[in-house]
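Step one of this worksheet: look at the structure below.
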Amino acid sequence: MKKKKHISLSTGVIYVILSAWALTTIYPIFWIILNSFKNRNEIVSNSFALPTGDLFTLSNYKQAFERIGILGAYRNSIVISGIVAVAVVLFAGMASFALVRYHFKLKNVMMTAVLAGMMFPVFATIIPVFAMEASWGIVNTSSLWLSLVSVILPLIAGNLSFAIVILTGYMKGLPIELEEAAFMEGCGPFRIFFQVIVPLTKPSFATVMIFSFLWSYNDLFTQSFFLRTPKQYSITALLNMITAQQGTNYGLMAATVTLIVVPVIIVYIFLQKYIIKGMTAGAVKG
C-alpha cells in the first residue's frame, strides 16, 4: 500500500500565507471587473454587490469604445510594445553573442557598462533624451508615427541592459562545439547566430521578449513626455487622461482599467512557463 503524504506544519503555514497573499492580489482585480458593469451611482452605494439584475450595465464599455478612443490607444500600445520587443531581442541577442564568444579590447568595460545601465533610472535620463529627440524633430509633432518613434527609441534603450544580462547568462552555457561545427561548414557569424544560437536560446529570447513587451505596454512615465495629443495616446496615457478629466466617473475608470489589465493577465497566464523557464535557465547556466 502506498503511504499517504502528510504536509508538515511549516509547509501548511507557507500555503496559508501564500493563499492570503494571492487573495489580497486577486480580489482588487476581481472587484474592479465587477464594478465595471455598474453605473457610477451604484458603485458608490453598492460597490461590493454583484452586478446582477438592475445593477448590470454595459454603458461603461460602450462609452470607453465610442467616446475615448480606446481602440486607437490599443493600436498605439501594440505598435510601441511590439516594435520594442522585437528590436530588444534582436539587438540584445547580437550584443550578447559578441560579448560571450568574441574576445576584444574593452570587452570587460563594455560588460560593466551594461550592468551599470541597469542602475540608472529613466527619471535621470529623460531630460537629455527629450532634448536629443527634439533636436531630431520627432518630438511635439502632429505626426502619429514620429511620436510613436520618439517613445520607441528610449524604451528600446531602457530594456537592452536587462536583456543582455539574461541572454549572456544563457549563452555562456551553450556548447561551443556546435558553433565550431557550423563554422567548419562555412557559416559566417550571422548564419551561426540565426541558425545555431537563436534556436538554442529560445527560452531566454521568449523571456526577454515577454518582459520587454509588458514593460513597454505598462510604461507611463516615458509616454507621458512624448505623446501629447489624444490620437497619439497609448493605453496607459489614455487611462491617465481619464483619471485627470473624469476622476469621479468610477464606472468608466473601472471599465478602462479592466480593458487594460485583463489582456496583460491573460498573456502572462499563457506565457508564464516561458518566463520562468528562461529566467531559471539563465540563472543556472550563467
Side-chain angles (χ1 to χ4, degrees), residues 15-82 84-85 122 148 151 155 210-273 275-276:
Y15 283 148
V16 170
I17 294 174
L18 290 176
S19 299
W21 178 82
L23 182 62
T24 59
T25 303
I26 295 172
Y27 181 75
I29 300 173
F30 182 68
W31 184 86
I32 286 289
I33 295 173
L34 290 182
N35 283 287
S36 68
F37 295 103
K38 304 175 189 176
N39 62 46
R40 177 171 51 188
N41 296 329
E42 294 298 338
I43 292 175
V44 174
S45 59
N46 296 296
S47 60
F48 294 98
L50 294 176
T52 57
D54 295 335
L55 293 179
F56 182 84
T57 180
L58 292 174
S59 61
N60 297 321
Y61 289 96
K62 184 178 180 181
Q63 188 177 4
F65 282 102
E66 293 181 355
R67 288 182 53 189
I68 64 175
I70 199 167
L71 291 178
Y74 262 125
R75 176 202 60 205
N76 296 340
S77 286
I78 291 173
V79 169
I80 292 171
S81 303
V84 169
V122 65
L148 296 183
V151 174
L155 287 177
I210 293 167
F211 272 111
S212 298
F213 185 92
L214 293 179
W215 286 343
S216 303
Y217 181 89
N218 292 323
D219 174 74
L220 174 62
F221 182 79
T222 305
Q223 295 174 16
S224 64
F225 269 82
F226 297 102
L227 304 179
R228 299 301 183 91
T229 61
K231 75 171 185 177
Q232 300 171 354
Y233 283 162
S234 64
I235 204 72
T236 51
L238 182 67
L239 178 60
N240 187 54
M241 182 201 71
I242 295 172
T243 304
Q245 295 183 358
Q246 304 189 45
T248 59
N249 192 344
Y250 304 118
L252 178 59
M253 291 178 62
T256 307
V257 171
T258 300
L259 291 171
I260 293 172
V261 172
V262 169
V264 176
I265 295 175
I266 293 173
V267 169
Y268 185 83
I269 290 173
F270 281 100
L271 300 180
Q272 62 177 322
K273 64 178 181 179
I275 297 174
I276 297 171

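- Taking CG of Asn218 as the start and OG of Ser81 as the end, the distance is 8.0 Å to the nearest 0.5 Å.
- Shown here for Asn35 and Ile43, the closest heavy-atom pair between the two residues is O-CD1, 3.2 Å.
- With sequence neighbours excluded, the residues that form a side chain to side chain contact (heavy atoms under 4.5 Å, CB included) with Thr229 are Lys231, Gln232.
- Rounding to the nearest 0.5 angstrom, the gap separating the CG atom in Asp54 from the NZ atom in Lys38 is 13.0 Å.
- For Thr236, the side-chain hydrogen bond (donor to acceptor under 3.5 Å, both in side chains) partners are Gln223, Ser234, not counting sequence neighbours.
- The CZ atom of Phe226 sits 11.0 Å away from the CD1 atom of Ile80 when rounded to the nearest 0.5 Å.
- Across Leu50 and Leu34, no two heavy atoms sit closer than the pair CD2-CD1, 3.9 Å.
- Each of Val79, Asn76, Leu227 was compared with Val151 under the side chain to side chain contact (heavy atoms under 4.5 Å, CB included) criterion, and only Leu227 meets it.
- Qualifying ring-ring contact (aromatic ring centres under 6.0 Å, His included) partners for Phe56, counting only residues two or more places apart in sequence or in other chains: Phe37.
- For the side-chain hydrogen bond (donor to acceptor under 3.5 Å, both in side chains) test with Ser36, the passing option among Tyr61, Tyr250, Trp31 is Tyr61; the others fail.
- For Ser216 against Val84, the heavy-atom pair with the smallest separation is OG-CG1, 3.1 Å.
- The neighbour count for Tyr27 OH, taken as heavy atoms of other residues, nucleotides or ligands under 6.0 Å away, is above 12.
- The CZ atom of Phe30 sits 15.0 Å away from atom OG1 of Thr25, with the distance rounded to the nearest 0.5 Å.
- With sequence neighbours excluded, no residue forms a side-chain hydrogen bond (donor to acceptor under 3.5 Å, both in side chains) with Tyr217.
- The CD1 atom of Ile235 lies 8.5 Å from the CG atom of Leu71; values are rounded to the nearest 0.5 Å.
- Contact detail for Leu55 and Ala49: the closest heavy-atom pair is CD1-CB, 3.9 Å.
- Taking CD1 from Ile265 and CD1 from Ile26, the interatomic distance works out to 9.0 Å, rounded to the nearest 0.5 Å.
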Determine whether Ile29 and Ile33 satisfy the following criterion, side chain to side chain contact (heavy atoms under 4.5 Å, CB included), listing intermediate values before the conclusion. CA-CA 6 Å; Ile29 300 173; Ile33 295 173; 4.1 Å; yes

Please table the atom pairs, donor to acceptor, closer than 3.5 Å between any side-chain atom in residues 252-262 and protein atoms at least two apart or in another chain.
unit_1 : atom_1 : unit_2 : atom_2 : d
Thr256 : OG1    : Leu252 : O      : 2.8
Thr258 : OG1    : Ala254 : O      : 2.8

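- Annotation: ring-ring contact (aromatic ring centres under 6.0 Å, His included) contacts of Phe213 (sequence neighbours excluded): none.
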